[in-house]
A.B. asks: 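Got a structure here, written out as C-alpha cells. Questions coming.
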Amino acid sequence: MRNRELAEIFERIADLLQIRGDAIYRVLAYRKAGESIRGLSRSVVGIWEEKDLENIPGVGKAIATKIDELLSTGKLIFYEKLIEEVPENLPDLLRIADVGPKKVALFWKELGVTSIDDLEKAAKAGKLQELPGVGPRSEQKILEGIRSSKKGRPERLSIGSVNPIAQSFIRRLMKIPGVVHAEAAGSLRRWRETIGDLDIVVAAEDKKRVMDEFLKFSEVERIKGQGETKASVELLDGLRVQVWVHPPERFGSALQYATGSQGHNVRLREYALSQGLSLSEHGFKGKNGNEILCASEEEVYATLGLPWIAPEMREDLGEITAGIEDTLPKLISEKDIKGEIHMHSDWSDGRVSMEDMANAALERGLEYIVFTDHSRSLGIASGLSLERLRDQRKKINRLRKKFAGELDIFQGSEVEILADGSLDYPDEVLEALDFVIISLHSSLRQDREKITSRLLAAIENEHVNMVAHLSGRLIGKREPADLDFEAIFQAAVENNVILEINSNPERLDLKDTHARRAVELGVKLAITTDAHHPEHLDLRIYGIGTARRAWVTSEDVLNAWPIRKFLDFLEKQKSSKITH
DNA sequence: GCCGTTTTCGGCCCGACTGTTTTCAGTCG
C-alpha cells in the first residue's frame with residue numbers, strides 16, 4: 001500500500017469522525033497523522049517492516065496499530081464499523097465551499113442528504129433554509145459552491161502556471177499609491193509543486209484604498225469575501241486569490257502568518273506560548289497585553305530567539321527544532337548554479353541550434369553546459385543515430401573552440417533505458433561521451449519489481465553518470481512509476497550515480513520529499529532544466545525551490561560545483577563503478 | 001489521539017469574515 005493511500009484513509013477517518021461529532025482533538029490527531037504520512041520521505045511499508053511506526057510524527061500507539069492492521073490484513077475493522085454509522089462518501093460534501101462538518105451532519109441527519117446530488121436537490125427545493133442556522137443566503141452560496149465544484153476545475157494548479165500571474169498582480173499592487181511592500185505568500189512562497197490559493201500580503205497605511213483598487217482588477221470575476229484587512233476573489237480562470245493588507249510596521253508578522261504552512265505556524269505559535277508570548281498575524285502579545293510589532297519576518301523569528309527560517313522549509317518537518325538547535329542548513333540558491341548538464345538542441349527535439357543554446361547559457365552566467373540530446377530509439381524525439389552522434393561531436397568540437405575561455409561545452413546524451421534494462425547505445429559509444437544521462441520514457445507502468453530492477457540494472461552500468469526525472473511523473477497528468485525509491489537511492493550511492501531534480505514545473509522530479517530522503521542517504525543531486533528552448537533555462541527557479549524544500553545545500557549538487565570539481569567527480573565516477 | 005526545554009496528564013494557535021443571530025457559530029486558512 002502506498003503512503004498516499006494510507007494518508008487518504010486516515011484523512012477520511014478524520015472527516016467521518018468530525019461529521020459524527022467526535023472530540024475535535026481526536027479528529028485533528030487523525031488528520032495530522034494522515035498529513036504526516038502524506039509528506040513522509042520514505043515508504044511507510046519500510047518503516048513498518050522495521051517496526052518503527054510510532055516514530056512517525058503524529059502517529060502514536062492507536063494509529064500505529066491501525067496501520068499495522070491495514071498493512072498485514074489489507075483492511076481496518078475500525079474503519080468498516082465507522083462507515084456503517086456514517087456514509088462513506090459524506091466527506092465529499094466538505095469539498096464544497098462554505099460547507100463544513102457541522103452543516104454536513106445537519107443536512108444528513110435532518111434531510112437524509114448523502115451526496116452532492118442530494119444536496120443540490122434539497123437546496124433547489126428550498127429545504128436547507130428551513131433548517132436552524134441556515135438562511136436563504138447560505139442556501140444560495142451552497143448552490144453556487146456546487147456549481148463551481150461541478151465545473152471540474154482542478155483544486156490545485158501547477159506552480160508554473162500560478163507564478164507568472166502572481167508576479168503580475170504584485171507589480172500592479174506595488175503601483176497603488178501608499179503601497180510599501182507586496183509579496184506572494186502561502187504555498188507559492190514555499191515553492192510547493194501545486195498551488196491551491198494565491199496569497200498576497202501588502203503593506204500600506206491606507207488599507208481601504210488598496211482593497212478598493214485590488215477588487216477593480218480586470219481578472220476578478222467574483223468577490224468571495226471582503227473585509228477590512230482581507231479580501232478573497234475568484235479570477236476568470238478559476239484561480240482563487242487572497243489579499244491581506246497590513247500596516248508596514250506589522251508586515252513581518254502578516255507575511256509570516258500568510259506564508260504558513262498551517263503546521264509550521266501552529267508549532268511556532270506553541271513555541272511562542274512556551275515563552276509567554278501569543279503570536280498572530282498582527283504581532284506578539286505579552287501576558288500583560290504589551291505588543292511587539294514586527295516589520296520584517298526576521299524580527300518575528302528573532303523575537304523567539306530563532307534564526308530566520310526559509311519559507312521552503314516551513315512544513316513542520318523539523319525546521320523549528322533545527323532553528324532552536326541552530327542546525328538549519330545553508331540552502332542552495334539560484335546563483336550557486338554553475339552549469340547546465342541536461343539540455344537539448346535541434347539535433348534531437350530541441351527547438352534551436354546548439355550555438356543559440358550556448359549563447360543563452362552564456363547570457364545566464366553559466367560556466368559550462370552539456371548537450372544531452374536523445375538517443376536513437378526515441379524516434380518521437382528524433383533520437384540520434386550513431387552516425388549523427390559522431391557528427392554532433394564534430395560540431396561540438398568546433399563550438400568548444402568558438403566559446404573557449406567563456407563557456408565549456410561537452411557532449412552527453414539522454415540515453416533510453418530499454419524495456420529490459422539495457423541501454424540504447426553500446427558501451428563503447430557511452431564511454432566516448434562526456435556525460436551519460438539515463439531515463440525512462442516508455443513502459444512506465446511495469447510493476448514495481450520489474451521497473452525497479454530495470455532501473456537498478458541501468459544504474460549499475462559503469463558509464464552512467466545521472467538518472468533524469470526518475471519517477472517519470474507529469475504532475476496532474478501522469479502518475480509516477482511504482483518504484484522502490486529506497487533501493488534506487490541506495491544503488492545511486494553505491495554506484496556514485498547522480499539523481500536529477502528536473503526543474504520543469506510539470507515534472508519536478510525528484511520531488512521534494514524524495515530529494516530530501518536521497519540526500520539523507522548520501523545521494524548527490526543535479527538541478528537541471530531539461531531545456532528544449534533558450535527560455536526553458538529560466539525554469540530553474542522551480543527546481544531550486546524543490547531542492548530548497550528538500551533542505552539541499554550547494555555541496556549536494558553536482559552542477560553547483562566549479563568546473564574543476566565537476567570534472568574531477570566525473571573521473572571519480574569512472575573509477576569507482578562496481579565492475580561486473 | 002498525540003505528546004513533553006513548563007507536562008506521562010492536561011493541554012492542544014489564532015483571527016477574519018459571513019450569515020443568522022441579537023451575542024455567536026461555522027468556515028476558512
Side-chain angles (χ1 to χ4, degrees), chain A residues 10 13-14 17-19 21-36 53-67 78 93-107 128-142 145 185-187 190 195-199 201 207 211 223-233 240-246 250 253-254 256-285 304-305 316 320-321 323-325:
Chain A
F10 289 110
I13 289 173
L17 292 175
Q18 196 173 13
I19 292 167
D22 278 40
I24 187 63
Y25 291 112
R26 189 180 190 214
V27 171
L28 292 175
Y30 278 99
R31 190 161 294 144
K32 184 156 196 193
E35 285 166 6
S36 171
L53 290 174
E54 285 185 51
N55 262 333
I56 299 172
V59 174
K61 226 175 189 56
I63 293 180
T65 306
K66 291 185 172 69
I67 296 174
F78 169 79
L93 299 182
L94 297 172
R95 290 209 313 269
I96 296 163
D98 302 312
V99 176
K102 291 280 164 57
K103 287 209 181 101
V104 170
L106 184 71
F107 301 152
L128 303 187
Q129 54 174 301
E130 294 168 8
L131 298 170
V134 187
R137 298 198 61 141
S138 299
E139 191 172 72
Q140 218 38 52
K141 277 180 109 172
I142 288 169
S187 47
R190 303 199 313 278
I195 309 296
D197 299 285
L198 171 54
D199 300 307
V201 186
K207 296 178 173 189
M211 284 297 177
I223 298 170
K224 289 174 58 193
Q226 173 187 7
E228 216 182 311
T229 57
K230 177 184 159 182
S232 85
V233 305
R240 296 177 299 274
V241 183
Q242 294 197 88
V243 169
W244 287 267
V245 190
H246 285 269
R250 295 180 192 268
S253 44
Q256 195 288 321
Y257 155 75
T259 299
S261 66
Q262 183 126 328
H264 175 86
N265 283 357
V266 168
R267 194 161 298 254
L268 194 69
R269 287 167 179 206
E270 282 171 357
Y271 186 62
L273 281 177
S274 76
Q275 301 187 22
L277 293 168
S278 165
L279 172 62
S280 78
E281 61 262 51
H282 303 291
F284 291 95
K285 266 189 205 137
L304 297 172
D316 190 24
I320 292 176
T321 306
I324 294 168
E325 292 167 353

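Every chain is numbered from 1 and lettered A, B, ... according to where its sequence line falls, protein lines coming before strand lines. These values consider heavy atoms only, across backbone and side chains, with no hydrogens, waters or symmetry-generated copies.
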A.B. asks: With rounding to the closest Å, how many angstrom separate the P atoms on dG15(B) and dG10(B)?
C.D. replies: 26 Å

A.B. asks: Rounded at 0.5 Å granularity, tell me how far CG in Leu279(A) sits from CD in Glu270(A).
C.D. replies: 12.0 Å

A.B. asks: Quote, to the nearest angstrom, the C1' distance that separates dT18(B) from dT22(B).
C.D. replies: 16 Å

A.B. asks: Classify the nucleic acid contact of Leu279(A) as base, sugar-phosphate or nothing, counting any heavy atom under 4.0 Å across all strands shown.
C.D. replies: sugar-phosphate

A.B. asks: Can you tell me if NZ on Lys207(A) sees more than 12 non-hydrogen neighbours from other groups inside 6.0 Å?
C.D. replies: yes

A.B. asks: Heavy atoms from C-beta onward define the side chain here; which of dC12(B), dG29(B), dC2(B) lies closest to that of Tyr257(A)?
C.D. replies: dG29(B)

A.B. asks: Could you tell me the separation between the CG atom of Leu94(A) and the P atom of dC28(B), rounded to a whole number of Å?
C.D. replies: 8 Å

A.B. asks: What is the distance from NZ of Lys102(A) to P of dC28(B), rounded to the nearest Å?
C.D. replies: 12 Å

A.B. asks: Counting C-beta onward and ignoring hydrogens, is there a side-chain heavy-atom pair between Ser36(A) and Ile56(A) closer than 4.5 Å?
C.D. replies: yes

A.B. asks: On the nucleotide dG19(B), are OP1 or OP2 found under 4.0 Å from the side-chain N or O atoms that Arg137(A) carries?
C.D. replies: yes

A.B. asks: Please classify the nucleic acid contact of Asp197(A) as base, sugar-phosphate, or nothing, using heavy-atom distances under 4.0 Å.
C.D. replies: sugar-phosphate

A.B. asks: Looking for any heavy atom pair under 4.0 Å, which part of the strands does Asn265(A) touch: base, sugar-phosphate only, or nothing?
C.D. replies: nothing

A.B. asks: Pick the C1' atom in dT5(B) and in dG1(B), then give their distance to the nearest Å.
C.D. replies: 24 Å

A.B. asks: When you measure from the side chain of Glu228(A), which nucleotide among dG1(B), dC13(B), dC17(B) comes out closest?
C.D. replies: dC17(B)

A.B. asks: Write down the distance between CZ (Arg269(A)) and P (dG11(B)), rounded to a whole number of angstrom.
C.D. replies: 21 Å

A.B. asks: Classify the nucleic acid contact of Pro57(A) as base, sugar-phosphate or nothing, counting any heavy atom under 4.0 Å across all strands shown.
C.D. replies: sugar-phosphate

A.B. asks: Tell me what Leu28(A) touches on the nucleic acid: a base, only sugar-phosphate, or nothing, going by heavy atoms under 4.0 Å.
C.D. replies: nothing

A.B. asks: Any side-chain N or O of Lys285(A) under 4.0 Å from OP1/OP2 of dC13(B)?
C.D. replies: no

A.B. asks: Look at the side-chain N and O atoms of Lys230(A) and state whether any lies under 4.0 Å from the OP1 or OP2 oxygen of dC17(B).
C.D. replies: no

A.B. asks: State the CZ-CD distance between Arg137(A) and Gln129(A), to the nearest 0.5 angstrom.
C.D. replies: 12.5 Å

A.B. asks: So what does Val59(A) hit on the nucleic acid, given a heavy-atom distance under 4.0 Å: a base, only sugar-phosphate, or nothing?
C.D. replies: sugar-phosphate

A.B. asks: Below the 4.0 Å mark, does dT6(B) have OP1 or OP2 next to a side-chain nitrogen or oxygen of Ser274(A)?
C.D. replies: yes

A.B. asks: What class does the angle between the rings of Tyr30(A) and Phe10(A) fall in, given that below 30° is parallel, 30 to 60° is tilted and above 60° is perpendicular?
C.D. replies: parallel

A.B. asks: At under 4.0 Å between heavy atoms, what does Glu270(A) touch on the DNA or RNA strands: base, sugar-phosphate, or nothing?
C.D. replies: sugar-phosphate

A.B. asks: Can you see if the side chain of Ser138(A) gets near the phosphate of dT20(B) - specifically, an N or O under 4.0 Å from OP1 or OP2?
C.D. replies: yes

A.B. asks: Taking for each residue the nucleotide of DNA chain B with the nearest heavy atom, is it Ile96(A) or Lys141(A) whose nucleotide lies nearer the 5' end?
C.D. replies: Lys141(A)

A.B. asks: With C1' as the reference atom in both, quote the distance from dG29(B) to dT21(B) in angstrom, rounded to an integer.
C.D. replies: 24 Å

A.B. asks: Now, which nucleotide makes the Watson-Crick or G-U wobble pair with dT8(B), with each of the two distances under 3.5 Å?
C.D. replies: none

A.B. asks: What contact category does Ala97(A) fall into here, base, sugar-phosphate, or nothing, at under 4.0 angstrom with non-hydrogen atoms?
C.D. replies: sugar-phosphate

A.B. asks: Taking only the side-chain nitrogens and oxygens of Ser278(A), find out if one of them lies under 4.0 Å from OP1 or OP2 of dC14(B).
C.D. replies: yes

A.B. asks: Quickly work out the Gln18(A) CD to dG26(B) C1' distance and round it to whole Å.
C.D. replies: 11 Å

A.B. asks: Taking all non-hydrogen atoms of both residues into account, name the closest pair between Lys103(A) and Asp98(A) and its distance.
C.D. replies: NZ-O, 3.4 Å

A.B. asks: Establish, with yes or no, whether the OP1 or OP2 oxygen of dG1(B) is under 4.0 angstrom from a side-chain nitrogen or oxygen of Tyr30(A).
C.D. replies: yes

A.B. asks: Does dC13(B) have its OP1 or OP2 closer than 4.0 Å to a side-chain nitrogen or oxygen of His264(A)?
C.D. replies: no

A.B. asks: If the cut-off is 4.0 Å, is Arg26(A) near the phosphate of dG1(B), judged by side-chain N/O to OP1 or OP2?
C.D. replies: yes

A.B. asks: What's the gap between dT8(B) and dC12(B) when it is taken at their P atoms, as a whole Å value?
C.D. replies: 16 Å

A.B. asks: For dC14(B) and Ser253(A) - does any side-chain N or O of the residue sit under 4.0 Å from the phosphate oxygens OP1/OP2?
C.D. replies: no

A.B. asks: With C1' as the reference atom in both, quote the distance from dT23(B) to dC13(B) in angstrom, rounded to an integer.
C.D. replies: 23 Å

A.B. asks: Starting the side chain at C-beta, find the nucleotide from dT18(B), dC2(B), dC13(B) nearest to Leu273(A).
C.D. replies: dC13(B)

A.B. asks: Taking the C1' atom of each, how far is dA16(B) from dG11(B), in whole Å?
C.D. replies: 26 Å

A.B. asks: Ignoring the backbone of Pro101(A), work out which of dT27(B), dC2(B), dC17(B) is nearest its side chain.
C.D. replies: dT27(B)

A.B. asks: Would you say the side-chain atoms of Gln256(A) and Asn265(A) include a donor-acceptor pair closer than 3.5 Å?
C.D. replies: yes

A.B. asks: State whether the number of non-hydrogen atoms from other residues, nucleotides or ligands found under 6.0 Å of Gln275(A) atom CD is greater than 12.
C.D. replies: yes

A.B. asks: Please state the C1' separation for the pair dC9(B) and dC14(B) - nearest whole angstrom.
C.D. replies: 25 Å

A.B. asks: Near Arg269(A) CZ, under 6.0 Å, is it more than 12 heavy atoms from other residues, nucleotides or ligands?
C.D. replies: yes

A.B. asks: In whole Å, I'd like the distance from the CZ atom of Phe284(A) to the P atom of dC13(B).
C.D. replies: 16 Å

A.B. asks: Stacking between dC12(B) and Tyr25(A), yes or no? Criterion: centroid separation under 5.5 angstrom, plane angle under 30 degrees.
C.D. replies: yes

A.B. asks: To the nearest angstrom, how far is Ile13(A) atom CD1 from dG1(B) atom C1'?
C.D. replies: 12 Å

A.B. asks: Rounded to the nearest Å, what distance is computed from the CH2 atom of residue Trp244(A) to the C1' atom of nucleotide dG29(B)?
C.D. replies: 7 Å

A.B. asks: Want to settle it: does Glu54(A) or Gly135(A) sit nearer the 5' end of DNA chain B, counting the closest nucleotide to each?
C.D. replies: Glu54(A)

A.B. asks: Select one nucleotide: of dG1(B), dC17(B), dC14(B), the one nearest the side-chain heavy atoms of Ser280(A).
C.D. replies: dC14(B)

A.B. asks: For Asn55(A) and dC2(B), give me the distance from atom CG to atom P, rounded to whole Å.
C.D. replies: 13 Å

A.B. asks: For dT6(B), decide between syn and anti, treating a glycosidic angle within 90° of 0 as syn.
C.D. replies: anti

A.B. asks: Under 4.0 Å between any heavy atoms, over every strand shown, what does Lys32(A) touch: base, sugar-phosphate, or nothing? Just pick one.
C.D. replies: nothing

